[in-house]
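Sequence lines set the chain letters: A, B, ... in the order given, protein chains first and strands last, and positions in each chain run from 1.
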2 protein chains.
Amino acid sequence: MQYSSAMVGLRERKKQRTRRALVDAALRLFADKGYEETTLAEIAAAADVSTRTFFSYFASKEDVLFYDAEERMERLLALVASRGPHESPADLLVRLIDEIVYRSGEEEDLTLEETRLRMRLIMSVPPLQARALFLLFDTQLRLAEALCEAYPGRLGPLDAAAAVGALTGAVKLAAMAAISRGASLQEISDTARRAAALAASGLRSLG
Amino acid sequence: MQYSSAMVGLRERKKQRTRRALVDAALRLFADKGYEETTLAEIAAAADVSTRTFFSYFASKEDVLFYDAEERMERLLALVASRGPHESPADLLVRLIDEIVYRSGEEEDLTLEETRLRMRLIMSVPPLQARALFLLFDTQLRLAEALCEAYPGRLGPLDAAAAVGALTGAVKLAAMAAISRGASLQEISDTARRAAALAASGLRSLG
DNA sequence: CCATGTTTTTCATCCATTGAAAGTTTGCAT
DNA sequence: ATGCAAACTTTCAATGGATGAAAAACATGG
């Protein structure tokens, strides 16, 4: 009937507001006092909900920093599925990396400052790092799979795995280094892209 | 004075025995009731120590399954450092993978059954998987670094990262698949080696 | 056997996470 | 409007991992 933005009821809007309040509160508190030092009770209080309610929005304390992971992965997979007809695997992967790197700078709902903060947090808190790697691994698996499907007969599972591993490996390490030396998003993005190009050149042999 | 094996006092021997008892108990309980379902209290009880004591041997519940991670990494790094004078980076990495894969079958202190069990546990419990990936990442970083040093002037940081990423990426995915379909250690090892060879052939271009 | 340094146990506490029951709010149909 | 049903939130209680501190048990060297 109505345009979808107005169609959602109060319920939905409230939920969005609460989710947002929780993310914001968490990010701010983490920045102020550190991740470990911030309790869920504090986050919940800052967002004006009960502690228990936090868990109906996020499955864990870590999750509040990864709430958009699913969405991001879908975007990447879609990109692979819609490859250009003449695009080589290596080029496609580079475009993919570009997408990842670019997009990290233009979050829908986070400011640049928040994005950087989140990155720094994830990089510096081991359990968060572990979680990020877990998500990345999952993404790699799915990408490799998608890549096989996108190039049927041309790219075996192992080739795909190697290609994805090489590119993400290079980018991961390069970006990591850039982030931890406190580089700007622009620099990080540049470094990552150079790494991708470099790794890709080694992959051209895959066709 | 005496040969080192007899030199260690009762204290040291007891500590080894307790550590071992904890690992064994944990492994057995995890196998019987599952990881999440097993409490530290149960593990400690099975090893005849207090719960608190568990934490003077391992930093966390997860750690009891990764107690030898440090040692393994050192072995790999040593291997890179002692590369043959005419060995190419790709060949060296393949030898490395071989080492990893082989050795997983011949643990110093775990039986084959225990090794398989541990693998299955790590693969099937998300937090353990995350932890394993974290450790792997650390290893990758250090390997890339070591690789650069082993081939000064010949391999830049990004090349090294790409090479390590490609090989470990391929092996990781292949081994993962093999493990989760319940393959034997021999099969896993074979799969991993084929993956490594495949990825390496793509890397020869690095020299 | 004693003095000493270690390790283990006890005890107390914090916090993340989860289940269940009770209380509110929203959406919808009459 | 009114009121019912579904969806959410709060409250309450409990579990289990992790950590600090002080007391108790133990090993070592003299």
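- A:Thr18 comes within 4.0 angstrom of nothing in the nucleic acid, heavy atoms only.
- Distance CG (A:Leu40) to P (D:dT10): 14 Å, rounded to an integer number of Å.
- A:Phe58 comes within 4.0 angstrom of nothing in the nucleic acid, heavy atoms only.
- We find that A:Arg83 and A:Asp91 are not joined by a salt bridge, their nearest charged nitrogen and carboxylate oxygen being 4.0 Å or further apart.
- Rounded to the nearest 0.5 angstrom, A:Leu96 CG and A:Leu76 CG are separated by 5.0 Å.
- Taking the side chain as every heavy atom from C-beta outward, B:Ile43 and B:Thr51 never approach each other to under 4.5 Å.
- Following rounding to the nearest Å, B:Glu37 (CD) and D:dT15 (C1') show an atom-to-atom distance of 14 Å.
- Annotation: side chain of B:Asp63 is in contact with side chain of B:Arg131 (closest heavy-atom distance under 4.5 Å).
- Using a 4.5 Å cut-off on side-chain heavy atoms (C-beta onward), A:Lys14 and A:Arg11 make no contact.
- Remark: A:Arg120 fails to qualify as a cation-pi partner of A:Phe30 under the 6.0 Å distance and 45° angle criteria applied to the six-membered ring.
- When side chains are defined from C-beta on, A:Ser189 counts as touching A:Gln186, because their heavy atoms get closer than 4.5 Å.
- Taking every nucleotide of DNA chain C with any atom under 4.0 Å from a non-hydrogen atom of chain B, the first and last of them, 5' to 3', are C:dG5 to C:dT10.
- In this structure, B:Lys61 does not reach the D:dA18 phosphate: none of its side-chain N or O atoms is under 4.0 Å from OP1 or OP2.
- In this structure, A:Phe66 and A:Ile122 have side chains that are in contact, with non-hydrogen atoms separated by less than 4.5 Å.
- Against DNA chain C, the stretch residues 43-56 of chain A makes heavy-atom approaches under 4.0 Å through A:Arg52, A:Phe55.
- The shortest distance between side-chain heavy atoms of B:Leu92 and B:Leu147 falls below 4.5 Å.
- A salt bridge does not link A:Asp24 to A:Arg28: none of the charged nitrogens lies less than 4.0 Å from a carboxylate oxygen.
- Atom CZ of A:Arg19 is separated from atom C1' of D:dT9 by 16 Å (rounded to the nearest Å).
- Distance, B:Glu36 CD to D:dT15 P: 18 Å, rounded to whole Å.
- Heavy-atom nearest nucleotides on DNA chain D were determined for B:Glu12 and for B:Thr38, and the one closer to the 5' end corresponds to B:Thr38.
- A cation-pi arrangement, defined by a distance under 6.0 Å to the six-membered ring centre and an angle within 45 degrees of its axis, is present between A:Lys61 and A:Tyr35.
- With the end axes of the helix from C:dC1-D:dG30 to C:dT30-D:dA1 each set by five pairs, the angle from one to the other reads 10° at 10° resolution.
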